[in-house]
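Working notes, structure below.
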Amino acid sequence: MSILNADLHCHSVVSDGTMTPEALAARASGNGVELWALTDHDEISGQGRAAAAARAHGMKYLTGTEISVTFADETVHIVGLGFDADDPEMHAGLRATRGGRGERAREIAAGLLRAGIKDAYEGALRYVGNPELISRTHFARFLVETGVCRDTSEVFRRYLTENKPGYVPHRWASLKDAVQWITAAGGVAVIAHPARYKFTANEEFALFTEFKAHGGRGVEVVTGSHTPAEYVKYADTAREFGLAASRGSDFHSPDESHTDLGKLPYLPGQLTPVWDLLADRIQ
Ligand code: AMP
Ligand code: MN
Ligand code: MN
Ligand code: MN
């Protein structure tokens with residue numbers, strides 16, 4: 001069923017969002033979301049709260065996360081949906097993926113200091129809801145608050161992306177491990193916002209091919225990170241690779257996100273919605 005207001009990608013204070021799982025559930029429900037998943041970066045400790053809040057609002061729920069992966073020297077995000085949130089291997093894998101974030105944050109702050117920005121580590125920490133999950137987004141909020149930049153996109157452009165003073169190369173999980181943690185825990189792995197990666201056509205083909213070979217089954221087609229032309233392009237890619245399609249706003253914050261929870265076009269027809277693969281995992 002592609003005519004369903006499913007929002008299967010968003011972030012809470014458990015990673016780099018600004019709202020609690022409960023407040024997100026209320027907002028999603030208010031916006032007409034029928035099937036919801038909270039997909040915090042490299043974290044599933046908000047899943048119990050999100051599922052309970054979804055239930056309280058009469059929304060269906062799928063467990064979720066967004067795993068940081070390094071593929072062809074780029075960071076790729078893999079969304080996991082409908083897995084068992086108590087799975088020990090999943091917990092261990094995500095804990096290991098989060099592990100390098102503290103040291104990386106110190107290095108980001110050192111880079112920013114060389115660019116004349118003091119105390120960025122302490123500043124970013126003020127925005128962190130989960131001490132294990134300090135992200136570039138928290139630095140971006142600090143630089144906006146202190147007036148260094150007008151908005152978080154400007155911070156990323158000027159400070160936090162490749163060749164900029166606060167950019168620190170980092171090795172995340174492997175594609176194979178991320179897909180296997182999700183699938184071994186009974187879930188479905190989904191390539192998040194494929195249009196965001198700076199891959200050549202060959203690299204993108206390799207990503208999709210290897211993802212499928214490891215057991216990946218879905219791709220985000222309609223996401224807050226894609227333009228309408230990209231919905232069409234990745235609908236074609238989904239068909240070409242025999243992948244199911246997902247839909248999600250990637251909502252982080254009312255002040256920062258241009259796509260609100262549930263406020264997206266429906267999936268194009270003739271695609272298999274990822275939730276059709278997960279009927280028995282819906283709570
Ligand atoms: P990290 O996992 O610490 O590398 O942070 C990645 C997060 O930064 C993403 O999930 C987005 O929330 C945010 N982000 C990445 N690029 C941008 C951008 N250009 N503008 C605003 N936020 C961004
Ligand atoms: Mn994020
Ligand atoms: Mn992402
Ligand atoms: Mn995301």
Side-chain angles (χ1 to χ4, degrees), residues 7-19 24 36-44 46 64-71 73-81 94 97-109 111-112 120-121 124-125 127-144 149-164 166-173 178 189-198 207 219-220 222-226 230 246-261 264:
D7 194 327
L8 305 180
H9 190 151
C10 67
H11 301 273
S12 76
V13 290
V14 171
S15 63
D16 62 348
T18 62
M19 294 171 67
L24 285 169
W36 182 50
L38 171 66
T39 56
D40 279 309
H41 296 285
D42 308 325
E43 253 296 4
I44 53 177
T65 186
E66 182 177 20
I67 306 181
S68 312
V69 157
T70 302
F71 181 85
D73 289 330
E74 271 271 349
T75 298
V76 165
H77 286 168
I78 300 295
V79 163
L81 297 170
L94 293 180
T97 308
R98 289 193 298 272
R101 280 185 179 270
E103 182 56 34
R104 171 187 186 239
R106 296 279 187 187
E107 291 175 31
I108 291 175
L112 292 174
Y121 180 76
L125 268 190
Y127 294 88
V128 168
N130 170 0
E132 284 187 42
L133 215 294
I134 180 162
S135 98
R136 285 184 293 165
T137 313
H138 302 112
F139 283 93
R141 291 188 184 132
F142 169 66
L143 266 65
V144 172
C149 293
R150 278 218 320 277
D151 55 33
T152 52
S153 335
E154 188 187 333
V155 182
F156 276 89
R157 202 170 52 246
R158 286 177 50 197
Y159 291 100
L160 297 179
T161 40
E162 230 173 318
N163 303 317
K164 300 297 158 66
Y167 181 73
V168 174
H170 192 75
R171 192 146 288 276
W172 302 103
V190 175
I191 297 176
H193 43 61
R196 287 236 313 248
Y197 312 125
K198 292 179 184 66
L207 170 66
V219 57
E220 285 186 344
V222 176
T223 119
S225 301
H226 284 180
E230 289 163 348
S246 192
R247 174 181 191 262
S249 57
D250 208 355
F251 181 80
H252 285 70
S253 159
D255 300 327
E256 295 163 14
S257 300
H258 55 84
T259 306
D260 205 340
L261 286 156
L264 297 149

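Throughout, numbering of the chain's residues begins at 1 and tracks the sequence. Note that ligands are numbered from 1 as they come in the structure, with each ligand's atoms numbered from 1 the same way.
P194 and V219 make their closest contact through CG-CG2, 3.7 Å (heavy atoms, listed as atom of the first residue, atom of the second, distance).
Looking at ligand 1, you'll find an N or O of D16 within less than 3.5 Å of one of its N or O atoms. Between T137 and ligand 1, at least one N/O pair is under 3.5 Å apart. The N/O atoms of R136, backbone and side chain alike, include one that comes under 3.5 Å of an N/O atom in ligand 1.
Salt-bridge check for E74 with K198: failed, with every basic side-chain N at 4.0 Å or more from each acidic carboxylate O. At a threshold of 4.0 Å, the pair R141-D151 does not count as salt-bridged, since none of the basic side-chain nitrogens sits closer than that to a carboxylate oxygen.
Counting only distance, with no hydrogens or angles, the side chain of R101 and the backbone of L133 share no donor-acceptor pair below 3.5 Å. Remark: the backbone N or O of C10 is paired with a side-chain donor or acceptor of T39 at under 3.5 angstrom. Checked by atom type and distance alone, the side chain of S257 never pairs as donor or acceptor with a backbone atom of F251 at under 3.5 Å. In this structure a side-chain-to-backbone donor-acceptor pair under 3.5 Å is present from K164 to R157. No donor-acceptor pair under 3.5 Å is formed between the side chain of R104 and the backbone N or O of H170.
In the vicinity of S153, heavy-atom distances shorter than 4.0 Å reach the ligand 1 atoms 20 (N).
Applying the ring-ring contact (aromatic ring centres under 6.0 Å, His included) test to Y197 and every residue at least two apart in sequence or in another chain returns H193, F199.
For S68, the heavy-atom gap to ligand 1 stays at 4.0 angstrom or more.
Remark: among candidates H41, R104, R98, the nearest residue to atom 4 (O) of ligand 1 is R104, based on non-hydrogen atoms.
Looking only at protein heavy atoms, the nearest one to atom 18 (C) of ligand 1 is F156 CG, 3.5 Å.
No part of T75 comes within 4.0 Å of ligand 1, judged by heavy-atom distances. If you look at R101 next to ligand 1, the close heavy atoms, those under 4.0 Å, all belong to the side chain. The residue R157 has no part lying near ligand 1, judged by heavy-atom distances below 4.0 Å.
Take a cut-off of 2.8 Å around the Mn ion (ligand 4): the protein N, O or S atoms inside it are H9 NE2, H11 NE2, E66 OE1, D250 OD1.
Of the N and O atoms on the side chains of T223 and D250, not one donor lies less than 3.5 Å from an acceptor on the other residue. H11 and E66 form a side-chain donor-acceptor contact under 3.5 Å, judged by distance and modelled atom types alone.
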